[in-house]
Novice: 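Before I ask anything, let me first share the structure, which is written out below as C-alpha cells.
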Amino acid sequence: MSANSFSTLPQHIAIIMDGNGRWAQKRHMPRTVGHAKGAAGVKALVESCAEKGIKYLTLFAFSTENWKRPADEVSTLMGLFVQYLEKEMGALAAAGVRLKVIGDVAGFPAELQTRIHAAEVATQNNQAITLTVAANYGGQWDVVQAVKNWQAANPSADVASLTQDQLAQHLSTVGMPDVDLLIRTGGEQRISNFLLWQAAYAELYFTDVLWPDFDQAQVDHALHWYAQRTRRFGLINEQIARI
Ligand code: IPE
Ligand code: IPE
Ligand code: MG
C-alpha cells in the first residue's frame, strides 16, 4: 500500500478505451472513423490529467485478442499508433510527458517498434506524468512474461522462494504504483484481460459513454466518484479513520 493510497486524487488511472466502433456505427460511418476520433482526444486527456497532478495514466490501446479483428481494422489501428507517435509526441514531450509502451511490442511492424523506442528514449527523463500505452497487451501475458524474466534473472533460484514483490519487479509496469482508478467506457463491465495483477485493489468505474465522447466533463465525473469511495485494502473502517 503506497503512502497516499487513501488520497482522494488517484495516483494511477488506467482506462479501457472502449466503444469507438459503436460510436462510428451509430453515425453510419466505418468503425475506423471511430478509432481516429478516439485517438484524437487522447492528447487533451493526457494534458488535463497532468495538470490535475495525476502522475500515471495507462491507456489500453490494443489487446492481445484484438489481432483477431478484420485485417483492415487492425492495420488502421497500427497506422493510427504510428501517426500518433509522429504527430502528437512532440507536444506531449514538451508538456513533460514520459511515454512508456507495455505489451508484446515484438509483434508489431518494425517501423512502429522503432518509433516506440525513439519516443520512449526521448521522453525518459520527463516528470509531469507517465503515459503508458498498453499495446498488444494482455494481463495474462504480463504475468507469464514476468515469471519467465524472473527465472532468467535468477537462473539458480528455486521457484518455491518466489514472492509477490519479486514477481512484481518483472511485470511490465515495474516502478509504477498499482492502479487506483480503472475506468472502462462503452458500457461493458469487464476487464478484458487488462491489468489483472496491477488492478487488484483498483476502484472500478464503468460508464456507458463511448470512448470518443469521453471528454473533460466525463473525467471530472469519474474523479468525483473516485473521491467518494472508501478504500479499505482489507482493513475495517475504524482502522482507516486512524490512517
Ligand atoms: C475500443 O473500441 C478500441 C479497441 C479495442 C482497439 P472498439 O473498437 O472495441 O469499439 P466497440 O466496442 O466495437 O464499439
Ligand atoms: C478492450 O476492448 C480492449 C481495448 C480497449 C484495447 P474490446 O472491445 O477488445 O473488449 P471486449 O472484446 O468487448 O471484451
Ligand atoms: Mg469494444
Side-chain angles (χ1 to χ4, degrees), residues 12-46 49 56-85 87-88 99-109 112-113 115-116 130-145 171-173 176 179 181-199 202-215 218-219 222:
H12 187 172
I13 300 181
I15 309 183
I16 301 173
M17 309 184 291
D18 196 23
N20 292 345
R22 279 164 288 161
W23 183 92
Q25 284 167 330
K26 262 176 43 183
R27 289 163 177 77
H28 309 287
M29 294 191 289
R31 294 175 52 84
T32 48
V33 174
H35 293 312
K37 173 84 174 143
V42 167
K43 186 165 147 248
L45 172 79
V46 178
C49 284
Y56 297 89
L57 176 66
T58 301
L59 303 176
F60 203 7
F62 192 84
S63 74
T64 47
E65 290 74 27
N66 288 146
W67 288 112
K68 297 174 200 150
R69 293 192 177 193
D72 64 329
E73 182 162 338
V74 170
S75 66
T76 299
L77 287 165
M78 297 296 150
L80 277 170
F81 199 2
V82 172
Q83 262 182 41
Y84 196 83
L85 292 170
K87 276 212 213 140
E88 317 278 27
L99 178 81
K100 209 176 138 49
V101 175
I102 57 170
D104 193 3
V105 283
F108 286 142
L112 181 50
Q113 289 186 47
R115 283 184 189 280
I116 287 171
T130 298
L131 168 64
T132 303
V133 177
N136 199 14
Y137 180 86
Q140 293 168 337
W141 166 84
D142 203 357
V143 173
V144 171
Q145 70 78 32
L171 289 169
S172 60
T173 48
M176 299 186 204
V179 177
L181 171 60
L182 176 65
I183 297 174
R184 182 174 186 138
T185 63
E188 309 296 351
Q189 302 199 356
R190 55 180 173 248
I191 306 288
S192 298
N193 199 14
F194 195 24
L195 299 161
L196 299 178
W197 176 295
Q198 299 85 344
E203 299 295 323
L204 307 178
Y205 180 84
F206 298 108
T207 172
D208 288 339
V209 173
L210 303 173
W211 176 250
D213 293 326
F214 194 80
D215 59 13
Q218 298 298 331
V219 177

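Here, residue 1 is the first one in the sequence, and each next residue gets the next number. Ligands are counted one by one from 1 in listed order, and the atoms in each one are counted from 1 as well.
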Novice: Give the residue, atom name and distance (to 0.1 Å) of the protein heavy atom nearest atom 7 (P) of ligand 2.
Specialist: Arg69 NH2, 3.8 Å

Novice: Contact between ligand 1 and Gly186 is defined here as a heavy atom of the residue under 4.0 Å from a ligand atom; is it met?
Specialist: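 For ligand 1, residue contact (heavy atoms, under 4.0 Å) with Gly186 is absent.
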
Novice: Need the ligand 1 atom indices (1-based, order shown) with element for anything under 4.0 Å from a heavy-atom of Arg22.
Specialist: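 Those atoms are 11 (P), 12 (O), 14 (O).
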
Novice: Looking only at distance, does Glu188 have an N or O less than 3.5 Å from an N or O of ligand 2?
Specialist: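 No: no nitrogen or oxygen of Glu188 is under 3.5 Å from one in ligand 2.
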
Novice: Are any N, O or S atoms from Asp18 nearer to the Mg ion (ligand 3) than 2.8 Å?
Specialist: yes

Novice: Identify, for atom 9 (O) of ligand 2, the protein heavy atom at the shortest distance, and state residue, atom and that distance.
Specialist: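 Answer for atom 9 (O) of ligand 2: Asn66 ND2, 3.0 Å.
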
Novice: Do any N or O atoms from the side chain of Asn193 and from the backbone of Gly139 form a donor-acceptor pair under 3.5 angstrom?
Specialist: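 Looks like yes, one N/O pair under 3.5 Å.
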
Novice: Specify whether Tyr137 and Trp141 have parallel, tilted or perpendicular ring planes, treating 30° as the upper limit for parallel and 60° as the lower limit for perpendicular.
Specialist: perpendicular

Novice: Under 3.5 Å, side chain of Asn136 to main-chain N/O of Gly103, donor-acceptor pair present?
Specialist: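 Checked: no pair found.
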
Novice: Is it the case that the side chain of Asn66 and the backbone of Ser63 share a donor-acceptor pair, with hydrogens and angles ignored and the cut-off at 3.5 Å?
Specialist: yes

Novice: Can you tell me which residue and heavy atom of the protein come closest to atom 1 (C) of ligand 2, and the distance to 0.1 Å?
Specialist: Ile16 CG2, 3.9 Å

Novice: Measure the acute angle between the ring planes of Phe62 and Trp67, then classify it against the limits of 30° and 60° as parallel, tilted or perpendicular.
Specialist: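 Perpendicular, since the angle between the ring planes exceeds 60°.
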
Novice: Looking at Gln113 and Phe108, would you say the former's side chain and the latter's main chain have a donor-acceptor pair under 3.5 Å?
Specialist: yes

Novice: Under a 4.0 angstrom heavy-atom cut-off, which atoms of ligand 2 come close to Ala61?
Specialist: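 Per the distance check, 6 (C).
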
Novice: Heavy-atom distance to atom 2 (O) of ligand 2: which of Met17, Arg184, Arg190 wins?
Specialist: Arg184

Novice: Check each atom of ligand 2 against the heavy atoms of Phe62 and keep those under 4.0 Å away; list them by number with element.
Specialist: 6 (C)

Novice: Among protein heavy atoms, which sits nearest to atom 14 (O) of ligand 2, and what does the distance come to when rounded to 0.1 Å?
Specialist: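 Nearest neighbour among protein heavy atoms for atom 14 (O) of ligand 2, to 0.1 Å: Ser192 OG, 2.6 Å.
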
Novice: Starting from atom 10 (O) of ligand 1, what is the nearest protein heavy atom, named by residue and atom, and what distance separates them?
Specialist: Gly21 N, 2.9 Å

Novice: Taking distance alone, with N or O pairs closer than 3.5 Å, would you say Ser63 contacts ligand 2?
Specialist: no

Novice: Which word best sums up how the rings of His12 and Tyr56 line up, parallel for under 30°, tilted for 30 to 60°, or perpendicular for over 60°?
Specialist: tilted

Novice: For ligand 1, note which part of Gln25 has a heavy atom under 4.0 Å away: side chain, backbone, both or neither.
Specialist: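 The answer is neither.
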
Novice: Using modelled atom types only, decide if a donor and an acceptor are shared between the side chain of Asp142 and the backbone of Ser172 within a distance under 3.5 Å.
Specialist: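 Yes: the side chain of Asp142 pairs with the backbone of Ser172.
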
Novice: Do any N or O atoms from the side chain of Arg184 and from the backbone of Gln189 form a donor-acceptor pair under 3.5 angstrom?
Specialist: no

